[in-house]
Amino acid sequence: MTPDRNAPIGIFDSGIGGLSVWREIAAMIPAEQVRYIADSAFVPYGVRPPEEIRARSIAVAGFLIEHGVKLVVVACNTASAVAIDELRATFPQMQFVGLEPAVKPAVGMTMTGRVGVLATPRTVSGDRLRVLIEHWSDGVQVHTIAGNGMVELVEAGALGGEEVDRVIGPILDPLLAQDTDVLVLGCTHYPFLRDAIQTYVGTGVRVIDSGNAVARRTLSLLQHGHMLHERGKPGSIELFTTGDANDATRVVELITGRAMPVTHVDV
Ligand code: DGL
């Protein structure tokens, strides 16, 4: 059955980090309606075993699909790396857009021949990132680092200041010592820390992420499937969380600068 072109796009993440992807989608395809679920009761995913991440991804994607979305964006590098195959096998009728760290563009940009990839512990230790790097590195040294504690900062609405520098400093210092000139943000929470990261690493390091590429992929799938929304005016976003709705509402406003209500759901 062809999905209804005026149905919403579904987006999920372990938490509110995937809103960095939503921002890109909303900027590129503003007419789309979006239904977003943050699996906040289980954030962070990046320290959990793969089986648990798969089970949670299937549960929250299932919620979106039951609520009539036409396509699901997995706005989480960790869930994409660990669960995208299971998601496609569980919901064969649904199209999924997954994310992967922007290793390919980073390799094309580096002048020093050294690229850093910052991602969650699960993404860093997984085969998918290793294979991606083997495929695209083309002689460039690509170092991976786990951004321990960074997701928690964003989930708490801490985007800058001493508290943030105390966490990112020890993570970024080894990269700076290696003459890295391109840093890939391989977790969708990290773009909310971009200003703090960029200030810390200085202007000699380019900081990139995959948000724009995911928005382009989403647009292309919708165009090819004749599924673009017909509305001429901007769509809106409905937000759900498996965690505390008041906490989520407060932090969503802090990180996006927009007051948007979040509804709790048990999934
Ligand atoms: N935002 C997610 C990612 O892109 C997951 C962060 C986490 O929950 O550990 O990897």
Side-chain angles (χ1 to χ4, degrees), residues 10-25 36-61 72-84 86-87 96-103 106 116-130 132-133 144-159 164 167-168 171 183-194 197 207-215 217-218 239-244 247-248 251-252 255-256 267:
I11 304 182
F12 82 85
D13 178 37
S14 60
I16 52 178
L19 289 172
S20 67
V21 175
W22 161 72
R23 279 195 307 209
E24 303 279 351
I25 290 175
Y36 181 104
I37 180 163
D39 196 13
S40 318
F42 291 85
V43 69
Y45 277 5
V47 295
R48 293 182 187 277
E51 311 74 60
E52 191 177 7
I53 299 169
R54 284 183 200 119
R56 290 310 306 161
S57 298
I58 288 169
V60 289
V72 174
V73 179
V74 184
C76 176
N77 288 265
T78 312
S80 298
V82 170
I84 196 89
E86 285 74 11
L87 284 167
F96 288 91
V97 180
L99 256 102
E100 59 187 21
V103 172
V117 180
L118 193 55
T120 67
R122 177 60 54 214
T123 304
V124 163
S125 63
D127 282 344
R128 209 133 182 155
L129 181 56
R130 186 182 47 74
L132 187 73
I133 292 171
T144 58
I145 338 140
N148 291 311
M150 291 174 57
V151 166
E152 289 84 343
L153 287 174
V154 176
E155 288 291 325
L159 306 188
V164 170
V167 174
I168 64 175
I171 296 168
L183 176 60
V184 177
L185 303 183
C187 165
T188 56
H189 281 72
Y190 302 168
F192 289 110
L193 298 168
R194 182 193 304 272
I197 293 170
V207 180
I208 65 169
D209 66 69
S210 323
N212 185 269
V214 172
R217 173 84 185 132
T218 305
L239 293 163
F240 300 91
T241 177
T242 57
D244 184 87
D247 284 353
V251 181
V252 164
I255 65 166
T256 65
V267 173

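Start at 1 and go down the list; that is how both ligands and their atoms are numbered.
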Query raised in the report: Which ligand 1 atoms does V151 reach within 4.0 Å, using its non-hydrogen atoms?
Result: 6 (C), 7 (C), 9 (O)

Requested in this report: Take D13 and Y36 through the test side-chain contact (heavy atoms from CB on, under 4.5 Å) and record every step on the way to the result.
Outcome: CA-CA 8 Å; D13 178 37; Y36 181 104; 3.4 Å; yes

Report summary line: So for T78 against ligand 1, with non-hydrogen atoms under 4.0 Å, the contacting part is both

**Report entry** Residue pair L87, V72: steps toward the side-chain contact (heavy atoms from CB on, under 4.5 Å) verdict
**Finding:** CA-CA 10 Å; L87 284 167; V72 174; over 6 Å; no

Query raised in the report: Does T120 reach ligand 1 with a nitrogen or oxygen that is under 3.5 Å from one of the ligand's nitrogen or oxygen atoms?
Result: no

**Report entry** Residue D13 vicinity, atoms of ligand 1 by number, heavy atom under 4.0 Å
**Finding:** 1 (N), 2 (C), 5 (C)

Report task. May I have the step-by-step check of side-chain contact (heavy atoms from CB on, under 4.5 Å) for I145 and V117, ending in yes or no? Result -> CA-CA 6 Å; I145 338 140; V117 180; over 6 Å; no

Query raised in the report: How far is atom 9 (O) of ligand 1 from its nearest protein heavy atom, and which residue and atom is that?
Result: G46 N, 2.8 Å

Query raised in the report: Is there at least one pair of N or O atoms, one from T123 and one from ligand 1, spaced under 3.5 Å apart?
Result: no

Requested in this report: Check whether any N or O atom of C76, backbone or side chain, sits under 3.5 Å from an N or O atom of ligand 1, and answer yes or no.
Outcome: no

Query - atom 7 (C) of ligand 1: the protein heavy-atom neighbour that sits closest, reported with distance to 0.1 Å - result: Y45 N, 3.3 Å

Report summary line: For V43, the ligand 1 atoms with a heavy-atom partner under 4.0 Å come out as 8 (O)

Query raised in the report: Distance only, no hydrogens: is a donor on one side chain within 3.5 Å (strictly under) of an acceptor on the other, for D39 and S14?
Result: no

Query raised in the report: Going by heavy atoms, is P44 under 4.0 Å from ligand 1?
Result: yes

Query raised in the report: Backbone, side chain, both or neither: what part of N77 comes under 4.0 angstrom of ligand 1, heavy atoms only?
Result: both

Side-chain donor-acceptor pairs under 3.5 Å in residues 146-159, sequence neighbours left out?
residue: E155; atom: OE2; partner: I16; partner atom: N; Å: 2.9
residue: E155; atom: OE2; partner: H189; partner atom: NE2; Å: 2.7

Query raised in the report: Would you find a donor on one side and an acceptor on the other, under 3.5 Å apart, between the side chain of R56 and the backbone of Y45?
Result: no

Requested in this report: Check each atom of ligand 1 against the heavy atoms of S14 and keep those under 4.0 Å away; list them by number with element.
Outcome: 5 (C), 6 (C), 7 (C), 8 (O)

Query raised in the report: For T242 and S40, what are the C-alpha separation, side-chain angles and deciding distance, and is it a side-chain hydrogen bond (donor to acceptor under 3.5 Å, both in side chains)?
Result: CA-CA 5 Å; T242 57; S40 318; 5.0 Å; no

Query raised in the report: Among side-chain atoms of T120 and T78, is any donor-acceptor pair under 3.5 angstrom?
Result: yes

